[in-house]
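These notes concern the structure reproduced below.
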Amino acid sequence: MIPTDLLTSHITHLECADNEEKFSHLEIQTFCTSANGKKSPLYAKYGSLNKVGKNVLKERTASLWRYFEFLPVLNPENIVSLGEGLTPLLHLENLAKELHIPNLYLKDESLNPTGSFKARGQAVAVSKMKELGIRRCIVPTAGNAGGALAAYCAKAKIDVTVVMPRHTPEIFKQECSYFGAELILVDGLISDCGRVVGEMRAKEDYFDVSTMKEPYRLEGKKTMGFEIAEQMNWQLPDVIFYPTGGGTGLIGIWKAFHEMKQAGWITGKFPKMIAVQTENCQPVVWSFAGKHESAAAYVARPSVANGLAVPFPFAERQILQVLKESGGYALSVTETELMNGVKSFAKNEGLFVAPEGGALLPAVKKAIENKWIGAEDNILLLNTGSGYKYSENFMQI
Ligand SMILES: *Cc1c(COP(=O)(O)O)cnc(C)c1O
């Protein structure tokens, strides 16, 4: 563990993503509403980052808490940890050879507690709930966010209600129940679960941990960006492929790059960010291509990649902004393509990735065919979860 007296968060306040209105991080916050009624996420802001040297990392624990200065928890005693973060970054030698792209890497987030990168977000969100004295919370989820929240709430002794689509594989439900969460099953997708959460909160007091409507899951997920830089020896890749649902990781990684630049930890160009979705649910791809006025009109179907079945991402404008700023793209693959991706990772690299991760491989092929990226580029894929949780979905195909 870290000698806690050495740790100081550099957080100064929260800021509205839309109009830069400032909010106190010392009080419970959710999201911001602009004068025109537009709802946007809040971003944690940090000061004097140029005073934080990379050398602090030398004595730090092998978890995401090694970046404590860039995290929102004020008192290290409030940290609720199950050992999240510092996941392996692997060279995919066999796939690199097969696809003729020598510099193909994968950050394997399946090794996080509860088998997905949702652990990062929930570790920080729950630590912050503990710090702010929140005793009861609720979350709509496609699966992994609920399981991770339930685990960290068990550790923190916070009451939690998880609202999940009924068609989610059993293990996602079982883990919530074993962790002591109240589990509510809903016919439909995460957007329908969100409606149920709204109805329940109208009757009773729950803190809402919905994606991007709570400010600190983003801070946990951004640590992937710090780790990518540290593990690649402070030379960022040329392009990052990210399976996008609510977009927390995509926005978070981009935020991390900016903060590291502010701290002087990295220089030079940032990677192109590529959002990968499934054809069954591709609101970001449609918006990026200007195919619909608003994601609110989008009709989605369920996916074997449960985490990608997010029809109306709350932070869609911020996702599109990252894609644009980075010179990136949004693209989708079919359900068959992403399952073939899972098989290919397994057979060639010994990795049993989540279907969301499987989507990355056909996405890389498409990006190369379209000449969006070069075969010599340094390519990083983010496998967001473990295939071991999706057994029922694999049986469908
Ligand atoms: C939640 C989830 C995603 C989508 O993550 P966002 O950061 O919300 O875009 C992708 N893959 C898996 C396995 C997930 O659980």
Side-chain angles (χ1 to χ4, degrees), residues 41 84 87 106-122 124-125 139-151 162 164-165 168-169 171-172 175 189-191 193-194 209-214 217-225 240-256 273-278 281-285 295 303-316 318-320 322-323 330 332-333 338 341-342 345 351-360 363 381-390 393:
E84 53 289 334
T87 55
L106 178 112
K107 188 158 175 63
D108 191 4
E109 289 292 302
S110 71
L111 282 102
N112 277 302
T114 66
S116 91
F117 72 152
K118 290 297 194 302
R120 292 181 187 267
Q122 304 299 19
V124 176
V139 76
T141 178
N144 277 319
L149 181 64
V162 175
M164 191 183 287
T168 315
I171 188 70
F172 291 94
E175 65 177 343
L189 295 174
I190 187 172
S191 41
C193 298
V209 197
S210 292
T211 305
M212 299 304 281
K213 291 186 182 171
E214 177 285 333
R217 283 173 62 185
L218 177 68
E219 296 306 287
K221 277 206 181 169
K222 85 178 179 193
T223 55
M224 287 187 287
I240 295 179
F241 283 80
Y242 181 85
T244 305
T248 327
L250 188 90
I251 299 167
I253 290 170
W254 197 245
K255 186 174 191 283
M273 303 295 288
I274 299 191
V276 181
Q277 300 202 296
T278 160
C281 186
Q282 48 174 334
V284 173
V285 176
S303 169
V304 291
N306 299 72
L308 301 187
V310 182
F312 318 117
F314 180 72
E316 192 189 47
Q318 288 72 34
I319 296 172
L320 294 172
V322 169
L323 298 182
S332 60
V333 302
L338 68 86
V342 171
F345 274 118
L351 295 168
F352 199 28
V353 305
E356 292 87 339
L360 300 169
L381 315 180
L382 267 163
N383 173 42
T384 44
S386 168
Y388 292 96
K389 292 176 92 175
Y390 293 77
N393 291 2

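Remember, it's 1-based here, ligands and their atoms both numbered in the order they're listed. Reckoned from all heavy atoms, side chains included, excluding hydrogens, waters and symmetry mates.
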Test item: side-chain donor near acceptor, Thr223 and Arg120, under 3.5 Å: yes

For Tyr390, all residues meeting side chain to side chain donor-acceptor pair (under 3.5 Å), sequence neighbours excluded: Asn144, Glu356

Polar contact flag, side-chain donor to acceptor under 3.5 angstrom, Thr87-Glu109: yes

Leu382 side, atom CG; Tyr242 side, atom OH - distance, nearest 0.5 Å: 7.5 Å

Amino acids in close contact with ligand 1, where any non-hydrogen atom sits under 4.0 angstrom away: Phe117, Lys118, Asn144, Lys221, Tyr242, Pro243, Thr244, Gly245, Gly246, Gly247, Thr248, Gly249, Gly307, Glu356, Thr384, Gly385, Tyr390

Closest non-hydrogen atom pair between Ala119 and Asn112, with its separation: CB-CB, 4.0 Å

Pair Glu219 + Lys255, salt bridge at N-O below 4.0 Å: yes

